[in-house]
Visitor: 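Here you go, one structure.
Ligands are counted one by one from 1 in listed order, and the atoms in each one are counted from 1 as well. On a predicted model such as this, the values are computed, not experimentally measured, just so you know.
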Amino acid sequence: MSVPEDGAQAWAAAWELLLPAATAPARARGRTLQSALREAVRSARLAPGTRLPSSRELAADLGVSRGLVTEAYEQLTAEGYLRADRGSGTWVGGAARAPAPRARDLAPGALHARVDFLPGSPDLSLFPRSAWAAAQRAVLAELPHHGLGYPDPRGLPRLRTALAELLTRRRGVVADPERVIVCSGVAQAISLLGQVLYARGERTLGAEDPGSPEHAQQLATAQIATVRLPLDEEGLALEPLRALREVRTVISTPSHQFPSGIAYSARRRAELLDWARAVDGLVVEDDYDGDFRYDRAPVGALQGLDPERVAYTGSVSKSLAPGLRLGWLLVPDALAEDIVAHKRVMDLGNPVLDQELLAHFIEGGGYDRQLRRCQRAYRERRDILVSALAEHFPGTEVTGIAAGLHIIARIPARYGPQDAFLARAAEAGVALRPLSGYTSALPDDGAIRLVIGYAQLAPARIADGVRLLARATKAGP
Ligand SMILES: Cc1ncc(COP(=O)(O)O)c(C=O)c1O
């Protein structure tokens, strides 16, 4: 959706209320839109001072006529909900409502809703519902009957072509459509790799420490064990890996290590590939949030350096929504046939309508637009989180902030001990995950180490959440 940047966050929160206008019967559409806008202003989802999209943009996003939106804006302006400033657009006025109390003015304990700082989720309210609905209509209208038969287990050629172009352009991978296998997220990609590697005699894989506990669980379903390997400041440490004679495959997150947030150095990337060549092995590259880098261009995927030594996987779980269960796997030629055979046995391929939809969405530029929109929103949220922590927990070190949807915070020991800190946070309704959930190798210095997810929270909620946390843990400058 095209939304004025200054109102993007507020707009995301109000968008859900407006959706019924897109699906209401034609004769009720205008009325539905007007009451939804009124409700958004009354409930403060659209706060005074928020700039609304132009009538042309909102009409396009909702799939309704422009006249209907103009009429709604005029009506609400007449009622005092909105204010039209010649030349600068339509704004939320505020005359017709009593100002809602701001969270920071509330009494302690009045913030009843839980503040969820757990890592792993994008902002699901940014899902491009109307563009998706339009893609759905187009796909159903154009799909021939035979398109509803069993798909190619590798994925529809149309989607593999769209993904190959997207991943080559955005992530620097070596991808032609023949190399792309569509799957149900990174989770299925890892399970498939585990099965094929097991059938080839591998029993133990190397994994990063700290790292994703899910990787180990997914590999365990293929009866593959994982050995945790430490990181240093450049990425996965190679000496411990070289010492493990039985390990020929490592699973890694080189562009944005999960959860520490570091990017592997160029030297470490080259060394890791040298190791893989020397042992005739494989590096599995989980590019779980490779698109979200805030301060400079994303680090290109490792796979681009040696596509015959890297199995590359990613998904739409962070860019669109994890509930879509759609992802991709690009494997070296030597593995491709076996992976596809396992995919066929596992589920006969991903649902065709979902694949057509994603292809349509990528081809029309919707995917790039979505990434730009999320990038803007998440960068702002990250900045708010970092400054709120600096204000309320002085001395806190934050790392892993250059990319992704979470940061690592090291809060000084004087706010601890960690268990008591977490217990007080939980009592106050602030959900937090300690870094110790991802590793057992942490310095014993009494500091509180947290993996804080911020992408799913509106900016005001982030600031209020940190304030609430400070109050609950009796911290203060
Ligand atoms: C390290 C890592 N990789 C991958 C994913 C995404 O998995 P999927 O694509 O199966 O949703 C996640 C999800 O949070 C993750 O933490």
Visitor: Near A187, which atoms of ligand 1 are under 4.0 Å from a heavy atom of that residue?
Guide: 10 (O)
Visitor: Quick one: are the ring centres of Y378 and F292 less than 6.0 Å apart?
Guide: yes
Visitor: Check this for me, if you would: do D338 and R200 make a salt bridge, where the nitrogen-to-carboxylate-oxygen distance has to be below 4.0 angstrom?
Guide: yes
Visitor: Looking only at protein heavy atoms, identify the closest one to atom 3 (N) of ligand 1 and say how far it is in Å.
Guide: D286 OD2, 2.5 Å
Visitor: Name the closest protein heavy atom to atom 7 (O) of ligand 1, giving the residue it belongs to and the distance to 0.1 Å.
Guide: V186 CB, 3.7 Å
Visitor: Could you find the nearest protein heavy atom to atom 5 (C) of ligand 1 and give me its residue, atom name and distance?
Guide: Y288 CB, 4.1 Å
Visitor: Just to verify, what does E308 make a side-chain hydrogen bond (donor to acceptor under 3.5 Å, both in side chains) with, not counting sequence neighbours?
Guide: R179
Visitor: Please identify which atoms of ligand 1 are closer than 4.0 Å to at least one heavy atom of F258.
Guide: 1 (C), 16 (O)
Visitor: Is R160 paired with D152 through a side-chain N to carboxylate O contact shorter than 4.0 Å?
Guide: yes
Visitor: With heavy atoms of G185 as the reference, note each atom of ligand 1 found under 4.0 Å away.
Guide: 9 (O), 10 (O)
Visitor: Do any N/O atoms on S184 end up under 3.5 angstrom from N/O atoms on ligand 1?
Guide: no
Visitor: Where the closest heavy atom to atom 14 (O) of ligand 1 is concerned, which of K318, E214, H406 has it?
Guide: K318
Visitor: Considering only non-hydrogen protein atoms, determine which one is nearest to atom 11 (O) of ligand 1 and report residue, atom name and distance to 0.1 Å.
Guide: S317 OG, 2.6 Å
Visitor: Using a strict cut-off of 4.0 Å, indicate which atoms of ligand 1 neighbour a heavy atom of R325.
Guide: 8 (P), 10 (O), 11 (O)
Visitor: What about H406 and F117, are their ring centers closer than 6.0 Å?
Guide: no
Visitor: Among side-chain atoms of Q375 and D291, is any donor-acceptor pair under 3.5 angstrom?
Guide: no
Visitor: Output every pair passing side chain to side chain donor-acceptor pair (under 3.5 Å) with a member in residues 262-274, not counting sequence neighbours, ordered by first then second residue.
Guide: E208-Y264, D232-R268, E234-S265, E234-R267, R268-E271, D274-R277
